[in-house]
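Presented below is the structure to which this report refers.
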Amino acid sequence: MKGLPAKDSLNSMGTDMTDTATTRHTKLLIIGSGPAGYTAAVYASRAMLEPLLIQGIQPGGQLTITTDVENWPGDTSVMGPELMTRMETHAREMGAEIISDYISALDLSSRPFKAQSDSGVEYTADAVILATGAQAKWLGLPSEEKFKGFGVSACATCDGFFYRGKEIVVVGGGNTAVEEALFLTNFASKVTLVHRRDSLRAEKIMQERLFKNPKIEMIWNHEVEEVLGSVDDSGVEAVRLKHVETGETQDIPCSGFFVAIGHAPATELVKETLEMHNGGYVKVQPGTTKTSVPGVFAAGDLTDHVYRQAVTSAGMGCMAALDAEKFLAESE
Ligand code: FAD
Ligand code: NAP
């Protein structure tokens, strides 16, 4: 992975270079660099736990793929990537060590816990905070898979620019879908938002903006049945929609198709080892961030099936650091 400390500096930071496989011990390992991870890092640093935070493949987390964030207290409006850069700087300045790496396996069967990384370093830790967040969900259609990178996307801020003057279809009914549809009107000649019900889940203020936008057309009570086009030639040309009650189909011409149907918790590392709830979210003891394994704490979207906001994730990151601090003090 890019950005890893050079071998010499790893030595000076306490890495054990005597083993053939490099190992690195820390009191507290934080996995994930979204609002939960960075907030945990700020609090843990101030508790003198010298935390080590692994950023993963999306440094800054989900907010790095959005534009204006208008509900982060203290900022009427702030760009998502800017907010996350500020959080990273804050965590670093408090003393957290932030590492560009990805944890590929986690052994929670004994202490110290062991985290194997893509860079080859094995991190061992007395306590772990899991803050791996959530990942975009896909519809699961074979044609969606086929056209990924050829007109099918789950990130408007990343790919919207490619559709200047073109028609776009977005599917979904939550805040993400509405935000993506609005953002895409900056590029597209027309955006069609397809939702499977007759009302949106998105916040009212977002709905108001959506309905006012002359470039956006709503199609209610329809599901996407197939993405049409040619991978070799023009990419996506249309999506086929099916009415949820009548079963009638219609093709909506478009060059881009954006899937915005929510996010699933990123529990790959722990789904076999920790207790889960509500369809795959890491279960924590009520009012705490304690998971089913003592010394392992969970914060943010990977444990929260209800709120899933930056501010609640940050709040849980704070709780996780305080819970970890107490656990480590009691272990000593
Ligand atoms: P995430 O932000 O999901 O971060 C997860 C982190 O874990 C990432 O850094 C990733 O690299 C890392 N990671 C994952 N797996 C591994 C691994 N194996 N090893 C190492 N690292 C790993 N919320 C709001 O409050 N306001 C908004 O305006 C808003 N807008 C949004 C717009 C969009 C398009 C989206 C998708 C979400 C938006 N949200 C918004 C929701 C908000 O982004 C999330 O609630 C929040 O980011 C969750 O924070 P988190 O720290 O739990 O995880
Ligand atoms: P979400 O709130 O879970 O909404 C997902 C939407 O996709 C729902 O409308 C759902 O339909 C639809 N959907 C799910 N599976 C589908 C399928 N297979 N086919 C068709 N439609 C499907 O997800 P989200 O919009 O990504 O938001 C996630 C969290 O992030 C939320 O808590 C949200 O508040 C937060 N967020 C906040 C902001 C903001 O504050 N500005 C911006 C973005 C996200 P149903 O409605 O029928 O279930």
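We count ligands from 1, going down the list as the structure has it; atoms in each ligand are counted the same way. Everything numeric in this text was worked out from a predicted model, so none of it was measured.
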Which of these, [options], has its nearest heavy atom closest to [atom]?
atom	options	value
atom 27 (O) of ligand 2	Ile205, Val69, Thr176	Thr176
atom 3 (O) of ligand 2	Gln62, His222, His305, Arg308	Arg308
atom 36 (C) of ligand 1	Met87, Gln135, Gln309, His263	His263
atom 29 (C) of ligand 1	Asp68, Leu63, Val69	Leu63

Nearest non-hydrogen protein atom, [atom]:
atom	result
atom 25 (O) of ligand 1	Ala310 N, 2.8 Å
atom 11 (O) of ligand 1	Gln55 O, 2.8 Å
atom 41 (N) of ligand 2	Glu179 OE2, 2.9 Å
atom 53 (O) of ligand 1	Gly133 CA, 3.2 Å
atom 41 (C) of ligand 1	Arg308 O, 3.7 Å
atom 26 (N) of ligand 1	Asn71 OD1, 2.8 Å
atom 8 (C) of ligand 1	Gln58 O, 3.4 Å
atom 33 (C) of ligand 2	Gln309 NE2, 3.5 Å
atom 3 (O) of ligand 1	Gln62 NE2, 2.8 Å
atom 14 (C) of ligand 2	Ile261 O, 3.3 Å
atom 2 (O) of ligand 2	Arg201 CD, 3.5 Å
atom 32 (C) of ligand 1	Glu179 OE1, 3.3 Å

His195 heavy atom under 4.0 Å from ligand 2: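 Right, His195 reaches ligand 2.
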message: So for Glu203, does at least one of its heavy atoms come nearer than 4.0 angstrom to any atom of ligand 2?
response: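 Yes, that is the case, since the closest heavy atom of the residue is under 4.0 Å from the ligand.
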Lys/Arg-Asp/Glu bridge criterion (N-O < 4.0 Å) met for Lys27, Glu332: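 The answer is no: the pair does not qualify as a salt bridge.
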With heavy atoms only and a cut-off of under 4.0 Å, state how [X] meets ligand 2: side chain, backbone, both or neither.
X	value
Glu223	neither
Asn71	side chain
Arg196	side chain
Lys137	neither
Leu139	side chain

- prompt: If two hydrophobic side chains count as joined below 4.5 Å and joins carry through other members, does Val194 share a cluster with Phe147?
  reply: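 They do share one cluster, since a chain of ILVMFWY contacts under 4.5 Å joins Val194 to Phe147.
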- prompt: When hydrophobic residues are tied together by side-chain contacts of less than 4.5 Å, even through go-betweens, does Leu63 share a cluster with Trp72?
  reply: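 Same cluster.
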Is the number of heavy atoms from other residues, nucleotides or ligands within 6.0 Å of [atom1] ([X]) greater than 12?
X	atom1	result
Glu50	CD	no
Lys114	NZ	yes
Lys148	NZ	yes

Taking distance alone, with no angle check, do [X] and ligand 1 share an N/O pair under 3.5 Å?
X	answer
Thr176	no
Ile31	no
Ile65	no
Thr66	no
Asp301	yes
Ala299	no

Do any N or O atoms from the side chain of [X] and from the backbone of [Y] form a donor-acceptor pair under 3.5 angstrom?
X	Y	result
His263	Ala134	no
Asn278	Tyr281	no
Thr291	Val296	yes

Which of the numbered atoms in ligand 1 are below 4.0 angstrom from a heavy atom of [X]?
X	value
Ala134	3 (O)
Ala131	5 (C), 6 (C), 7 (O)
Ile57	11 (O)
Gly300	52 (O)
Leu269	18 (N)
Gly56	11 (O), 20 (C), 21 (N), 22 (C)
Thr132	5 (C), 7 (O), 13 (N), 14 (C), 15 (N), 16 (C), 22 (C)

message: Centroid separation under 6.0 Å, is that true for the rings of Phe257 and Phe150?
response: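 Aromatic pair excluded; centres sit 6.0 Å or further apart.
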message: Please confirm whether the ring centroid of His195 lies under 6.0 Å from the ring centroid of His222.
response: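 No, they do not, as the ring centres are separated by 6.0 Å or more.
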- prompt: Just distances here: any N/O of Gly173 and N/O of ligand 2 closer than 3.5 Å?
  reply: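 There is such a contact, yes.
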message: Any atom of ligand 1 sitting under 4.0 Å from a heavy atom of Ala266?
response: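 Under 4.0 Å: no for Ala266.
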query: side chain to side chain donor-acceptor pair (under 3.5 Å) between Thr85 and Glu82: does it pass, once the steps are laid out?
result: CA-CA 5 Å; Thr85 303; Glu82 185 201 329; over 6 Å; no
message: Show every side chain to side chain donor-acceptor pair (under 3.5 Å) that has at least one partner inside residues 151-160, sequence neighbours left out.
response: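 For residues 151-160: Ser153-Asp159.
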[X] heavy atoms, cut-off 4.0 Å: which ligand 2 atoms fall inside?
X	value
Tyr307	32 (O)
His263	26 (O)
Arg197	45 (P), 46 (O), 47 (O)

field: Distance under 6.0 Å and angle within 45° of ring axis: Arg164 vs Phe161
entry: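 The answer is yes, since Arg164 meets both limits relative to Phe161.
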Test log, rule side chain to side chain donor-acceptor pair (under 3.5 Å), inputs Gln58 and Tyr102: CA-CA 10 Å; Gln58 191 178 45; Tyr102 179 82; over 6 Å; no
Stepwise side chain to side chain donor-acceptor pair (under 3.5 Å) test for Thr288 and Asp323: CA-CA 7 Å; Thr288 78; Asp323 287 344; 4.6 Å; no
- prompt: Going through the checks in order, is the side chain to side chain donor-acceptor pair (under 3.5 Å) test met by Glu179 and Thr66?
  reply: CA-CA 9 Å; Glu179 227 174 57; Thr66 189; 3.0 Å; yes
